[in-house]
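Have a look at the structure below before the remarks.
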Amino acid sequence: MSSRALFFFALLAFSAVSCFAENEEDPGLVMDFYKDSCPQAEDVIREQVKLLYKRHKNTAFSWLRNIFHDCAVQSCDASLLLDSTRRSLSEKEMDRSFGMRNFRYIEEIKEALERECPGVVSCSDILVLSAREGVVRLGGPFIPLKTGRRDGRRSRAEILEQYLPDHNESMSTVLEKFADMGIDTPGLVALLGAHSVGRTHCVKLVHRLYPEVDPQLNPDHVGHMLKKCPDAIPDPKAVQYVRNDRGTPMIFDNNYYRNILDNKGLMMVDHQLATDKRTKPYVKKMAKSQDYFFKEFSKAFTILSENNPLTGTKGEIRQQCNVANKIHD
């Protein structure tokens with residue numbers, strides 16, 4: 001065999017070994033990623049969520065909102081949890097993160113995991129799995145999820161507006177932003193079903209009440225909204241809000257869809273969802289069938305949780321969820 005042929009085969013062998021090593025090094029997201037390194041990881045998160053939910057039930061809404069605000073902004077990497085530094089503003093300090101709270105509970109879960117298996121479980125996986133368990137606490141479906149995410153080292157405040165859909169944007173823009181994450185129209189409709197629980201601060205509602213009441217709102221609902229939001233310019237620090245679903249405010253169910261079909265949606269995106277010809281058919285279908293809602297929600301939630309994660313040797317496993325490791329060095 002010629003020296004040229006030997007060189008060619010050696011090159012092929014090296015490439016094969018390199019590819020194998022690369023795949024071994026980065027399996028990506030997989031089911032039960034921590035089965036060897038931290039077998040109790042998901043159980044610890046589940047138990048912590050149960051304990052924290054008993055202490056403060058509203059925190060379940062926070063976990064659910066966390067996954068949307070983190071994973072929709074370019075990558076599911078817990079960048080949302082990082083504090084601001086002298087050089088950069090954090091995502092959670094932006095106006096679009098108004099009303100987000102209870103980040104300390106993520107830290108409590110992280111501390112419990114650090115006691116079990118130090119330096120192993122990422123804040124990104126904690127954020128995603130706590131959101132999953134929050135849905136379960138509220139009566140929603142259990143969603144099997146892959147793990148193996150690693151944490152980003154910087155927040156993405158400067159690009160937040162570019163990626164995160166806003167409640168006042170057109171339905172076309174909202175559909176486009178969800179489609180960029182691989183989430184189709186029924187998936188978008190299902191994910192907005194998270195508005196079945198939680199509450200909306202008056203700051204986000206007053207434009208539909210003042211100086212004149214939006215005629216598209218159900219008159220039977222307006223009195224309640226005005227009572228809860230009596231000021232045209234509400235104090236953002238005041239506890240002034242309207243429950244998203246007055247009927248079953250603490251239950252993750254399909255009542256939201258019946259509400260918005262009855263013009264009781266609080267935000268413009270809720271109203272558009274029930275009136276836009278592209279989304280209304282799915283709203284009606286989910287209003288009729290909770291099973292269908294849960295099925296589509298589970299699919300879309302999974303896609304959202306897998307949006308451009310850091311895996312393998314990318315990113316890091318943070319020691320604390322609110323600070324990148326290099327700050328500790």
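Every heavy atom of this structure was used, including side-chain atoms; hydrogens, water molecules and symmetry mates were not. This is a predicted model, so every value here is computed, not measured.
Side chain of Asp276 to main chain of Met171: no donor-acceptor pair is present (N/O by atom type, distance under 3.5 Å, no hydrogens or angles). With hydrogens and angles disregarded, no donor-acceptor distance shorter than 3.5 Å links the side chain of Asn259 to the backbone of Lys264. Between the side chain of Tyr210 and the backbone N or O of Pro230, at least one donor-acceptor pair lies under 3.5 Å. A donor-acceptor contact shorter than 3.5 Å is absent between the side chain of Ser196 and the backbone of Tyr256. A donor-acceptor pair is defined here as one N or O able to donate and one able to accept, closer than 3.5 Å; such a pair exists between the side chain of Asn325 and the backbone of Gln319. At least one donor-acceptor pair under 3.5 Å links the side chain of Ser298 to the backbone N or O of Phe294. Not one N or O on the side chain of Lys50 forms a donor-acceptor pair closer than 3.5 Å with the backbone of Glu133. At least one donor-acceptor pair closer than 3.5 Å links the side chain of His201 to the backbone N or O of Ala238. A donor-acceptor distance shorter than 3.5 angstrom exists from the side chain of Glu91 to the backbone of Arg156, with no hydrogens or angles considered. No donor-acceptor pair closer than 3.5 Å links the side chain of Arg65 to the backbone N or O of Ala60.
For the residue pair Trp63 and Ser130, the shortest heavy atom distance occurs at CD1-OG, 3.6 Å. Residues Val203 and Pro236 share a closest heavy-atom pair of CG2-CA, 4.0 Å. Pairing each heavy atom of Leu81 with each of Cys321, the nearest pair is CB-O, 3.4 Å. Of all heavy-atom pairs spanning Gly182 and Ile303, the tightest one is O-CD1, 3.7 Å. Smallest separation of non-hydrogen atoms from Met181 and Ala72: SD-CA, 3.6 Å. Heavy-atom minimum distance, Glu306 versus Leu29: CG-CD1, 3.7 Å.
Ile251 belongs to no hydrophobic cluster, as no Ile, Leu, Val, Met, Phe, Trp or Tyr side chain comes under 4.5 Å of its own. In the hydrophobic clustering, where aliphatic and aromatic side chains (Ile, Leu, Val, Met, Phe, Trp, Tyr) are joined below 4.5 Å either directly or transitively, Ile317 stands alone.
Inter-residue side-chain proximity for Val174 and Lys177 is flagged as unmet; no heavy-atom pair is nearer than 4.5 Å. Annotation: side chain of Met225 is in contact with side chain of Leu266 (closest heavy-atom distance under 4.5 Å). The closest side-chain heavy-atom distance from Leu261 to Lys284 is below 4.5 Å. Contact annotation: the side chain of Met267 approaches that of Thr200 to within less than 4.5 Å [non-hydrogen atoms, C-beta and beyond]. When side chains are defined from C-beta on, Pro165 does not count as touching Thr173, because their heavy atoms never get closer than 4.5 Å. Inter-residue side-chain proximity for Arg208 and His271 is flagged as met; some heavy-atom pair is nearer than 4.5 Å. Side-chain contact between Cys229 and Val242: present, with at least one pair of heavy atoms (C-beta onward) separated by less than 4.5 Å. Val269 is listed as a side-chain neighbour of Leu192, based on a closest heavy-atom distance under 4.5 Å.
For the atom pair NE2 (His195) and CG (Asn255), the distance works out to 15.0 Å, reported to the nearest 0.5 Å. From Arg199, atom CZ reaches atom CG of Leu205 across 12.5 Å, with rounding to the nearest 0.5 Å. In this structure, Ser84 OG and Glu93 CD are separated by 4.5 Å, a value rounded to the nearest 0.5 Å. Considering CG of Leu209 and CG of Leu217, their distance stands at 6.5 Å, rounded to 0.5 Å. Between His56 atom NE2 and Leu51 atom CG the span is 15.0 Å, to the nearest 0.5 Å. Atom CD in Gln290 sits 14.5 Å away from atom NZ in Lys295 (nearest 0.5 Å).
Classification of the Phe293-Phe252 ring pair by plane angle, with boundaries at 30° and 60°, yields parallel.
At a threshold of 4.0 Å, the pair Glu316-Arg150 does not count as salt-bridged, since none of the basic side-chain nitrogens sits closer than that to a carboxylate oxygen. The pair Arg46-Asp43 meets the salt-bridge criterion, with a side-chain N (NZ, NE, NH1 or NH2) lying under 4.0 Å from an Asp/Glu carboxylate O. For Glu158 and Arg154, the salt-bridge test passes: some basic side-chain N is under 4.0 Å from an acidic carboxylate O. Using a cut-off of 4.0 Å between Lys/Arg side-chain N and Asp/Glu carboxylate O, Glu42 and Arg132 are scored as salt-bridged. A salt bridge is defined here as a Lys NZ or Arg NE, NH1 or NH2 lying under 4.0 Å from an Asp or Glu carboxylate O, and Lys110 with Glu107 fails to meet this definition. With salt bridges taken as basic N to acidic carboxylate O contacts below 4.0 Å, none links Arg104 and Glu108. A salt bridge does not link Lys237 with Asp235: every distance from a Lys NZ or Arg NE/NH1/NH2 to an Asp or Glu carboxylate oxygen is 4.0 Å or more.
Of the residues listed (Asp151, Thr311, Thr147, Asp77), the one engaging Ser124 in a side-chain hydrogen bond (donor to acceptor under 3.5 Å, both in side chains) is Asp151, and it is the only one.
Between the side chains of Ser305 and Thr302, not a single donor N or O lies within less than 3.5 Å of an accepting N or O. A donor and an acceptor atom, one from each side chain of Asn307 and Ser75, are nowhere located under 3.5 Å apart. Between the side chains of Asp262 and His221, no donor N or O sits under 3.5 Å from an acceptor N or O. A donor atom on one side chain and an acceptor atom on the other are not found under 3.5 Å apart for Ser79 and Arg153. No side-chain donor from either of Asn263 and Gln216 sits under 3.5 Å from a side-chain acceptor of the other.
Linking Ile, Leu, Val, Met, Phe, Trp and Tyr whenever their side-chain heavy atoms come within less than 4.5 Å puts Ile260 and Val197 in one cluster. Cluster membership check: Phe61 does not share its hydrophobic cluster with Tyr241, using side-chain heavy-atom separations under 4.5 Å among Ile, Leu, Val, Met, Phe, Trp and Tyr. Placement of Ile159 and Phe178 within a single hydrophobic cluster is found when ILVMFWY residues are connected by side-chain heavy-atom separations under 4.5 Å, directly or transitively. Put simply, Met250 and Val49 are part of the same group of oily side chains (I, L, V, M, F, W, Y) that touch within less than 4.5 Å, one to the next. A chain of hydrophobic side-chain contacts below 4.5 Å, direct or via other Ile, Leu, Val, Met, Phe, Trp or Tyr residues, connects Ile67 to Leu164.
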Side-chain donor-acceptor distances from residues 30-40 under 3.5 Å, at least two apart:
unit_1, atom_1, unit_2, atom_2, d
Tyr34, OH, Ser122, N, 3.4
Tyr34, OH, Asp125, OD2, 2.5

Problem - Test log, rule side-chain hydrogen bond (donor to acceptor under 3.5 Å, both in side chains), inputs Gln74 and Asn308 - result: CA-CA 7 Å; Gln74 199 173 57; Asn308 194 28; 5.8 Å; no

Problem - side-chain contact (heavy atoms from CB on, under 4.5 Å) between Asn254 and Tyr292, intermediate numbers included - result: CA-CA 10 Å; Asn254 65 336; Tyr292 176 66; over 6 Å; no

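Stacking of Lys92 on the aromatic ring of Phe103 is recorded, both the 6.0 Å distance cut-off and the 45° axial limit being met.
A 6.0 Å sphere centred on CD of Gln162 holds more than 12 heavy atoms belonging to other residues, nucleotides or ligands.
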